[in-house]
Amino acid sequence: MVNRITKTGKPIPENIHDEIFKYVNGKVKSLSSEAQILFDSRNVITKTVNHEIIKDKHYTESKFLFHVPITINFKASDRNSYLNERARAFLQNNSDINVIGLDR
């Protein structure tokens with residue numbers, strides 16, 4: 001792993017960083033003169049990691065999402081507006097029912 005900032009706090013240009021990264025990981029055998037000067041100055045921070053670093057790991061794992069769209073009492077009149085309160089009271093007072101999520 002190669003930090004994008006030197007020990008003195010200056011940012012490493014992206015093309016130089018990529019070149020040094022490939023050199024440290026054995027993908028290229030030599031560096032350009034600019035990258036070689038920076039690397040030889042011992043100003044570049046490199047680290048060895050024992051695990052793979054993955055950006056946005058949640059996209060690499062399999063997941064199943066179950067979505068069931070329903071409409072409750074779509075023909076009901078406005079006077080039946082108490083349905084939401086009754087549903088809340090029923091769910092709150094019933095310990096046998098567990099709700100993971102509700103999208104209204």
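Counting begins at 1 with the first residue of the sequence.
- Note that the CG atom of L31 and the CG atom of L38 stand 9.5 Å from one another [nearest 0.5 Å].
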Hey, can you pull the donor-acceptor pairs under 3.5 Å for the side chains in residues 13-30, sequence neighbours left out?
{"from": "H17", "atom 1": "ND1", "to": "R4", "atom 2": "NH1", "distance (Å)": "3.4"}
{"from": "H17", "atom 1": "NE2", "to": "V2", "atom 2": "O", "distance (Å)": "2.8"}
{"from": "E19", "atom 1": "OE1", "to": "S32", "atom 2": "OG", "distance (Å)": "3.2"}
{"from": "E19", "atom 1": "OE2", "to": "S32", "atom 2": "N", "distance (Å)": "2.4"}
{"from": "E19", "atom 1": "OE2", "to": "S32", "atom 2": "OG", "distance (Å)": "3.1"}
{"from": "N25", "atom 1": "ND2", "to": "F21", "atom 2": "O", "distance (Å)": "2.9"}

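- Between the side chain of N3 and the main chain of I5, no donor-acceptor pair closer than 3.5 Å is present.
- In this structure, N94 contributes its side chain and F90 its backbone to no donor-acceptor pair below 3.5 Å.
- Remark: Q36 CD is packed, more than 12 non-hydrogen atoms of other residues, nucleotides or ligands lying under 6.0 Å away.
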Report all side-chain donor-acceptor pairs from residues 43-55 shorter than 3.5 Å, counting only partners two or more places apart or in another chain.
none

